[in-house]
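All remarks here apply to the structure that follows.
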2 protein chains.
Amino acid sequence: MRPRAVRAPRFERQLPHRRRQALIDATIECLKRYGHEGLSIRTISAQAGVSVGLINHHFPNKDRLIAAAYRHFNDELVAGLTAAVERAPDSPRARLRAFLEASFSPPNLDPEVLAVWVVFWGMFRHSPLIRRVQRESYRGYVRLLHGMLEQLLPRAAAAGRRRARRARVSPLDLRFAAIGLTALLDGLWLEWCLEPGAFQPAEAVRLCEAWVGSLRRRVAG
Amino acid sequence: MRPRAVRAPRFERQLPHRRRQALIDATIECLKRYGHEGLSIRTISAQAGVSVGLINHHFPNKDRLIAAAYRHFNDELVAGLTAAVERAPDSPRARLRAFLEASFSPPNLDPEVLAVWVVFWGMFRHSPLIRRVQRESYRGYVRLLHGMLEQLLPRAAAAGRRRARRARVSPLDLRFAAIGLTALLDGLWLEWCLEPGAFQPAEAVRLCEAWVGSLRRRVAG
DNA sequence: CGTGCTGTTGTACGATCGTTCAACAAGGTC
DNA sequence: GACCTTGTTGAACGATCGTACAACAGCACG
């Protein structure tokens with residue numbers, strides 16, 4: 001064989017877009033494996049299989065890479081939940097159930113995922129960049145959950161037409177419902193991740209549905 | 001004046017117990033101010049007003065200092081809540097209310113306090129030391145909350161004698177109540193710390209009480 | 001006042017951090 | 001096959017990290 005043809009390339013050039021995404025994925029993977037200590041340029045570049053210098057070619061600095069990873073992580077969560085809701089039958093109850101079941105199942109329900117969130121939250125107060133991403137990215141989640149509750153709560157008599165009686169829900173009740181459901185959801189999710197054996201994911205779904213049910217009775221009953 | 005008498009001592013010797021506590025306090029203060037990045041030997045020793053070498057004289061290494069700070073932080077929380085409960089009138093409802101009000105008021109309800117918790121949580125999965133402290137220290141909290149619910153839930157007819165009907169609560173219901181209340185509590189607390197303007201602390205107390213009330217209806221009614 | 005114990009200091013060390021940058025090379029174009 | 005663009009490499013830099021340790025000094029005691 002000709003030596004020239006045998007020699008494998010020492011590296012493979014990638015389009016900036018692809019390489020950036022690979023670095024973001026590596027960042028999240030390092031966060032899962034090593035926690036906060038995994039957030040070093042050398043650890044991340046090793047995980048991505050590239051040299052230390054490459055990160056600063058695609059990102060101006062480390063903080064921007066982390067912020068990009070945070071944005072990606074947030075977006076993936078919202079996208080997954082949204083897809084689950086849209087896959088469900090077109091009834092408010094079914095949509096809520098799909099939302100809850102997606103929240104309490106992989107890939108969201110995972111101690112490793114909690115570990116990632118917790119590191120990001122730890123940066124929240126001291127990194128304006130992270131705070132900015134949080135503010136921009138959390139809106140999708142709030143909108144999704146708020147919209148679901150709005151459709152669900154006024155369900156009084158007219159079964160078929162969901163949006164007919166929208167005016168029945170007072171903004172105050174809707175606000176409380178959203179606050180409470182978010183809290184219960186996050187709290188249960190946190191509990192499960194900290195001690196996965198404590199209860200079944202299906203039990204968490206039922207607890208959340210019971211909460212919304214008690215709200216509905218108070219609003220419409 | 002005599003020069004000898006004027007010269008101020010360059011430092012003050014402390015009993016090991018006092019100095020250790022001062023270093024623990026400085027650690028928590030640094031955590032509040034600078035987050036995870038405040039956890040450096042130099043930052044902590046500067047906060048405590050001592051030299052860098054002193055920490056390793058009182059603690060074998062940095063991890064042990066952090067673990068001690070975590071234990072102190074946990075113990076303070078449980079002690080504060082316990083004291084609030086014992087200060088309350090001797091009725092299950094009043095005790096629960098005192099517990100909730102203490103949970104949703106300073107010094108617990110503080111974004112800075114969340115920042116401290118979050119950093120500790122971030123170490124949970126990767127530091128056996130932190131995990132050990134967590135396991136040992138969380139028991140007091142669970143026992144307190146569990147005991148309160150146990151007294152509260154069976155309240156059916158006999159108003160005066162709280163422990164008479166204890167057998168009425170099935171272990172299953174009690175377990176669910178504890179899981180749900182903990183989740184709601186933690187979730188609301190988290191929400192408030194992330195966005196202090198979102199709702200009033202008193203509203204959080206009412207949401208928790210409503211949750212326990214709906215449980216009681218299901219159990220005893 | 002002298003002595004001893006030990007809490008305290010501050011320099012030093014090696015490791016690792018984020019970032020820079022000159023040199024390299026992959027892969028398309030002509 | 002020569003050339004060019006640019007994604008990629010890896011050594012080097014200064015800063016900062018946790019820890020070690022010899023010297024210092026506060027203070028109780030005789």
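Numbers restart at 1 for each chain; the letters A, B, ... are given by sequence-line order, proteins then strands.
Of the candidate nucleotides C/dT8, C/dA26, C/dG18, C/dT8 has the atom lying nearest to any side-chain atom of B/Q14. For A/S51, counting side-chain heavy atoms from C-beta on, the closest listed nucleotide (D/dT19, C/dT19, D/dT9) is D/dT9. Out of C/dT11, D/dA25, D/dG10, the shortest distance to the side chain of A/R10 is found at D/dG10. Of the candidate nucleotides C/dT8, C/dG10, C/dA26, C/dA26 has the atom lying nearest to any side-chain atom of A/P9. With distances taken from any side-chain atom of B/R13 to the nucleotides C/dG10, D/dT8, C/dT6, the minimum falls on C/dT6. Checked against D/dT8, D/dT19, C/dT20, the side chain of A/H58 finds its nearest nucleotide in D/dT8.
B/H57 has no side-chain polar atom (N or O) that falls below the 4.0 Å cut-off from OP1 or OP2 of C/dT8. For C/dC17, one of the phosphate oxygens OP1 or OP2 lies less than 4.0 angstrom from a side-chain nitrogen or oxygen of A/S40.
Atom CZ of B/R132 is surrounded by 12 or fewer heavy atoms from other residues, nucleotides or ligands within 6.0 Å.
Distance, B/L23 CG to D/dT19 C1': 16 Å, rounded to whole Å. If you measure from atom NZ of A/K62 to atom P of C/dT20, you get 14 Å, rounded to the nearest angstrom. Here the C1' atom of nucleotide D/dG18 and the CD atom of A/E37 are 12 Å apart, to the nearest Å. In this entry the distance linking CD1 of B/I55 with P of C/dT9 reads 11 Å, nearest Å. Atom OH in B/Y34 sits about 16 Å away from atom C1' in D/dT16, given to the nearest Å. The nearest whole Å value for the distance from the CG atom in B/L54 to the P atom in C/dT8 is 5 Å. Protein atom CG of B/N56 is 17 Å distant from nucleotide atom P of C/dT11, rounded to whole Å. Summarising the geometry, the separation between CD1 on B/I41 and P on C/dT16 is reported as 17 Å, rounded to the nearest angstrom.
Residue-level contact check: B/V52 touches the bases, meaning some heavy atom is under 4.0 Å from a base atom. Contact annotation for B/L39: backbone-only contact, meaning every heavy-atom pair under 4.0 Å involves sugar-phosphate atoms and none involves a base.
Along DNA chain D, the nucleotide nearest A/E12 and the nucleotide nearest A/R42 are compared for position; the residue whose nucleotide lies closer to the 5' end is A/E12.
Relative ring orientation between B/W117 and B/Y70 is described as perpendicular, the plane-to-plane angle rising above 60° on a 0-90° scale split at 30° and 60°.
Between A/R71 and A/E136 there is a salt bridge, since at least one side-chain N of the basic residue sits less than 4.0 Å from a carboxylate O of the acidic one. Here A/E12 does not pair with A/R18 in a salt bridge; the nearest charged N to carboxylate O distance is not below 4.0 Å.
Aromatic pair A/Y141/A/Y138: ring centres closer than 6.0 Å.
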